[in-house]
Amino acid sequence: MARILAIESSCDETAAAVVEDRCHVLSSIVASQDDVHAKYGGVVPELASRRHLECIGPVVSEALLRAGTALPELDAIAVTQGPGLVGSLLVGVCAAKAMAWHHGKPVIAVNHLEGHVRSPFLEHPGIELPAIALVVSGGHTALYLCPEEGLYRQLARTRDDAAGEAFDKVAKFLGLPYPGGPVIDRIASGADENAIDFPRAVMKNQSLDFSFSGLKTAVRIRATRDGLAHGVPDEAERSPAVRDLVASFQRTVVETLVATTLKACRREGVTTVLLAGGVACNRRLRRAFDDAAAAEGLCVFMPSPRYTTDNAAMIGAAAFLHYEREDFAPLDFNADANLKL
Ligand code: KG4
Ligand code: ZN
């Protein structure tokens with residue numbers, strides 16, 4: 001039986017978890033920084049790294065306490081190496097290295113995106129590969145073919161904005177609170193999602209790539225035309241015109257994500273889909289994938305919301321694949337803001 005402490009600090013959540021035997025989560029603590037960044041309508045990197053510094057110690061202690069364990073009892077310490085904000089990543093990486101050195105434990109450097117791809121396994125350990133993974137978050141929108149454990153082939157990426165980034169920017173423009181994704185999810189519910197037909201990006205040469213900046217601009221033009229830009233938070237949330245607008249935007253994003261994933265499944269002859277990343281919390285997206293699964297005979301696995309947004313349990317789940325291969329990092333490894341999967 002092996003136990004890994006995992007640390008995640010790539011963006012604006014400080015997180016630590018203790019994971020046992022691949023997918024059994026003994027504890028998972030996430031300290032969100034939404035309160036720090038809300039008034040700026042987006043993550044401020046310098047403020048994020050400072051808050052990580054304050055939180056990392058207490059968050060790790062809490063994760064160990066809740067798991068009923070201590071550092072000497074662990075088999076390895078895993079940490080997100082990248083991609084992400086370098087100042088944020090460094091806090092987790094330095095903390096992990098210091099603990100690993102002090103207690104003589106191996107350290108595992110994990111790619112944040114591998115963490116997201118492995119997140120559905122936390123609650124469904126028996127998922128069989130091959131699978132197509134859709135990672136949709138604030139920083140990434142990509143499709144991967146996962147032929148077997150530990151192998152990932154990128155099939156598509158976004159050419160501009162990530163899906164979550166589009167949610168956040170549209171919300172900010174309308175005067176809705178940060179982060180925009182959960183707010184749009186909430187106020188779109190019950191609104192008329194067919195009110196506006198927004199354009200969608202069409203790629204040439206059979207490309208599966210995504211693009212959301214044209215849609216974002218179309219929403220911006222429409223909002224300006226209809227006098228909905230830069231609203232006051234409470235009023236904007238209640239405005240039927242804003243709710244129809246964001247519901248129509250959300251439908252466009254959801255339909256694009258689902259249609260492209262299905263295309264990838266058909267092309268690769270794969271019937272299992274893994275849905276991951278913060279935007280995978282979106283209820284409209286989850287419903288659309290459930291419907292697609294029923295209609296197309298697919299198995300779609302999505303984590304509960306606590307494991308879709310950034311967390312350390314998913315980093316622990318990914319770390320086990322490296323632990324089993326004794327793929328440990330030297331103590332002089334560094335954070336890598338642009339790490340590729
Ligand atoms: O995975 P995550 O926590 O961080 C990154 O790795 O980027 O994803 C955060 C993103 C944000 O853009 C946020 O607005 C979006 O996920 N998000 C949502 C929902 N919950 C979070 N987007 C749409 N609907 C939601 N319910
Ligand atoms: Zn993430």
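Each ligand, and each atom within it, is numbered from 1 in the order the structure gives. The structure presented is a predicted model; accordingly, all values stated were derived computationally and were not measured.
In terms of N/O distances under 3.5 Å, ligand 1 is not approached by R283. Taking only nitrogen or oxygen atoms, main chain and side chain alike, H140 does not reach within less than 3.5 Å of ligand 1. Geometrically, ligand 1 and G181 share a nitrogen or oxygen pair separated by less than 3.5 Å.
With ligand atoms numbered from 1 in the order given, ligand 1 contributes 11 (C), 12 (O), 13 (C), 14 (O) to contacts under 4.0 Å with heavy atoms of D168. Listed by number with element, the atoms of ligand 1 under 4.0 angstrom from any heavy atom of H112 are 6 (O). Annotation for ligand 1: atoms under 4.0 Å from non-hydrogen atoms of G164 are 12 (O). Close contacts between ligand 1 and G139 involve ligand atoms 7 (O) [criterion: under 4.0 Å to a heavy atom]. Atoms of ligand 1 found under 4.0 Å from any heavy atom of H116 (numbered from 1 in listed order, with element): 1 (O), 6 (O).
In this pair, H112 and H116 present their aromatic rings perpendicular. The plane angle is above 60°, beyond the 30 to 60° band.
Enclosure of atom CZ in R66 is not indicated, since only 12 or fewer non-hydrogen atoms of other residues, nucleotides or ligands lie within 6.0 angstrom.
For atom 3 (O) of ligand 1, the closest non-hydrogen atom of the protein is D310 N, 2.9 Å. The protein heavy atom nearest to atom 9 (C) of ligand 1 is G138 N, 3.7 Å. Among all non-hydrogen protein atoms, the one lying nearest atom 24 (N) of ligand 1 is N282 ND2, 3.0 Å.
Not a single heavy atom of C11 lies less than 4.0 angstrom from ligand 1. The shortest separation from a heavy atom of R186 to ligand 1 is not under 4.0 Å, leaving the residue out of contact.
Annotation: side chain of L176 is in contact with side chain of V246 (closest heavy-atom distance under 4.5 Å).
Comparing D185, T309, I184 against atom 26 (N) of ligand 1, the shortest heavy-atom distance belongs to D185. Of the options G84, G278, S32, the smallest heavy-atom separation from atom 20 (N) of ligand 1 is shown by G278.
Using a cut-off of 2.8 Å, one finds that H112 contributes an N/O/S atom close to the Zn ion (ligand 2). With a cut-off of 2.8 Å, the Zn ion (ligand 2) has no N, O or S atom of C11 in range.
Considering all non-hydrogen atoms of both residues, A109 and F333 come closest at CB-CE1, 3.8 Å. In terms of heavy-atom proximity, H52 sits nearest to S9 at NE2-O, 3.4 Å. Between R157 and D209 the shortest heavy-atom distance is N-OD1, 3.0 Å. Closest approach of L129 to E149, counting heavy atoms only: CD1-N, 3.4 Å. Of all non-hydrogen atoms in A63 and V18, the two that sit nearest each other are O-CG2, 3.8 Å.
Just one of F173, F167, F198 meets the ring pair (Phe, Tyr, Trp, His ring centres under 6.0 Å) condition when paired with F249; it is F167.
Closest N/O/S atom of D310 to the Zn ion (ligand 2): OD1.
Salt-bridge annotation for K172 and D168: absent, with no side-chain N of the basic residue lying under 4.0 Å from a carboxylate O of the acidic one.
At least one donor-acceptor pair closer than 3.5 Å links the side chain of K105 to the backbone N or O of P72.
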